[in-house]
There are 2 protein chains.
Amino acid sequence: MAQVLVAPRVRLNRDRVLQAAVGLADQVGIEALSMRRLAEELGVVPMALYKHVANKDELLDGMVEVIVAEIDPPARDAEWKTAVRLRVLSARQMLLRHPWARSVLESRTTHTPAVLDYLESTIGIFLAGGFSADLTHHVMHALGSRMWGFTQELFDASADPARPPADPAVQAAQMQAMAERYPQILQISSAAAHDDSVVAHGCDDRFEFEFALDLLLDGFERLRAADWSSSSATRTA
Amino acid sequence: MAQVLVAPRVRLNRDRVLQAAVGLADQVGIEALSMRRLAEELGVVPMALYKHVANKDELLDGMVEVIVAEIDPPARDAEWKTAVRLRVLSARQMLLRHPWARSVLESRTTHTPAVLDYLESTIGIFLAGGFSADLTHHVMHALGSRMWGFTQELFDASADPARPPADPAVQAAQMQAMAERYPQILQISSAAAHDDSVVAHGCDDRFEFEFALDLLLDGFERLRAADWSSSSATRTA
DNA sequence: ACCTGAACACCGTTCAAGT
DNA sequence: ACCTGAACACCGTTCAAGT
């Protein structure tokens, strides 16, 4: 009689909170992830969360920790270029699993341990590959967000779902208006349809991503071969 | 007696709302920009704004319109490379005037006319410079957010103000801990101090930005010279 | 045509209290 | 040590009403 129908509620802890937050963001999107909703998901009152994360900002930092730890460690016994490439593409896989990760990574300014670990080991690939500390510094900057497997895309099909209006007549009229006002945009968007099906646009994205990544990696290689250094670089305005 | 002390309130219109929103965001930051606060700034009740913008999303789109229009038009009679470079650096100046612009540009998915105009004229530079539509497509993707004058930076000093703690002893201990846990991060961050003063770190940012930009532009030039096309490109996994 | 007032359904977070 | 309840100061936005 004393033990009623109340479930033997699993004790809350930081990890359970973070895992639940990641899962909830995966399901409902980052804008719908609120402290109140997360608490509800955990069958707990909102204030209970504050014993495990100081505030919402720390929750987001914790979520970043969780997902950054999902990125593969650097490949051992691989050439620097392959190693960086694999790493970045692994980060990209993680990002595809957590669509909200991009905006959260962009917004975070504090460097949590998992983030620092990721940077440290990526830097290690370059240094081990014969890059000077100087060049490695700039090369890391040049990679920028691409290191996390994303870049701000201008024609982001995936971010703009259900674009075409149902009515084909409206669609044709819209196309016509575009062709008149923005002929060059139309020209280049139709030019590179390396994938005919609308369905598999993920492949398209990947092609663009790797195009830019390889362009940068080739550039890095060239600078390294030329013993580039920032002091020898002439800054042309 | 009928005309009381009420100021002859200037009639609200869309442009006045957008200009005020941009100004307010410049002053107080984007996270403090709310419909309610903006209304207060304009001496009006919150609901009055909704006659001129449908909702907050449209307000943000409108703000993007305002600032994108501030970017210089393409330089006439300039080589493609110089023209792109100038354009991107002009976008960067705009971004420095409106620190909130970066996150808002990142979050927008709808393409408003001013944004399309910007894309159209930038594409025009490449096409006029002898780039194929195909290559222009990929090159625009590779530029990505750099086209707006920014990239996600990993060591973003400006986003992380007042980092060093006041106590020099604490600072030294922190440095020591970093050196042990993240030796390579420390190595590369000290390696490329091309500007000795802490004050002018804006120059540092500019150096990194131009380093990556020029690396890309040089890569574009090489592909163009080699008559690169997406169909001839072998996709190595 | 434009602005207002009151209300609704949300937020993150503090504080004092419960077990 | 951990969770709760009530409250505070905010949000964006709808709806019916005013001029």
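Predicted, not measured: the structure shown is a model, and the values here were computed from it.
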Taking OP1 and OP2 of C/dC3, is either one under 4.0 Å from a side-chain nitrogen or oxygen of B/H52? yes
Quick check: does any side chain N or O of A/E65 sit under 3.5 Å from a backbone N or O of A/A114, one acting as donor and the other as acceptor? yes
B/L24 and side-chain contact (heavy atoms from CB on, under 4.5 Å): which partner among B/I30, B/L42, B/L38? B/L38
Would you mind reading off the distance between A/E31 atom CD and C/dC10 atom P, rounded to a whole angstrom? 15 Å
Side chains of B/W100 and B/L33: closer than 4.5 Å at any heavy-atom pair? no
Nearest of C/dA7, D/dT14, C/dT14 to any side-chain atom of B/R36? C/dA7
DNA chain D nearest-nucleotide lookup for B/S34 and A/A48: closer to the 5′ end is A/A48
Distance check needed: C/dG12 P versus A/L49 CG, whole Å only. 10 Å
Taken to the nearest whole Å, CZ/A/R11 to C1'/C/dT19 is 11 Å
According to a strict under-4.0 Å criterion, is B/K56 in side-chain N/O contact with OP1 or OP2 of D/dG12? yes
Mind calculating the distance between CG (A/L38) and P (C/dT13) to the nearest angstrom? 13 Å
Looking only at side-chain atoms of A/M35, point me to the closest of C/dG12, D/dT4, C/dT4. C/dG12
Atom pair distance, as rounded to whole Å: CD in A/E40 and C1' in D/dT4: 16 Å
B/K51 NZ to D/dG12 P: how many Å, rounded? 18 Å
Does B/E210 pair with B/R92 as a salt bridge, N-O distance under 4.0 Å? no
Going from CE on A/M63 to NZ on A/K56, what distance comes out if it is rounded to the nearest 0.5 angstrom? 9.0 Å
Just how far, in rounded Å, is C1' of C/dA16 from OH of A/Y50? 17 Å
Pairing partner of D/dA7, by Watson-Crick or G-U wobble and under 3.5 Å for both distances, is C/dT13
Atom CG of B/N55 to atom P of D/dT14: distance rounded to whole Å? 8 Å
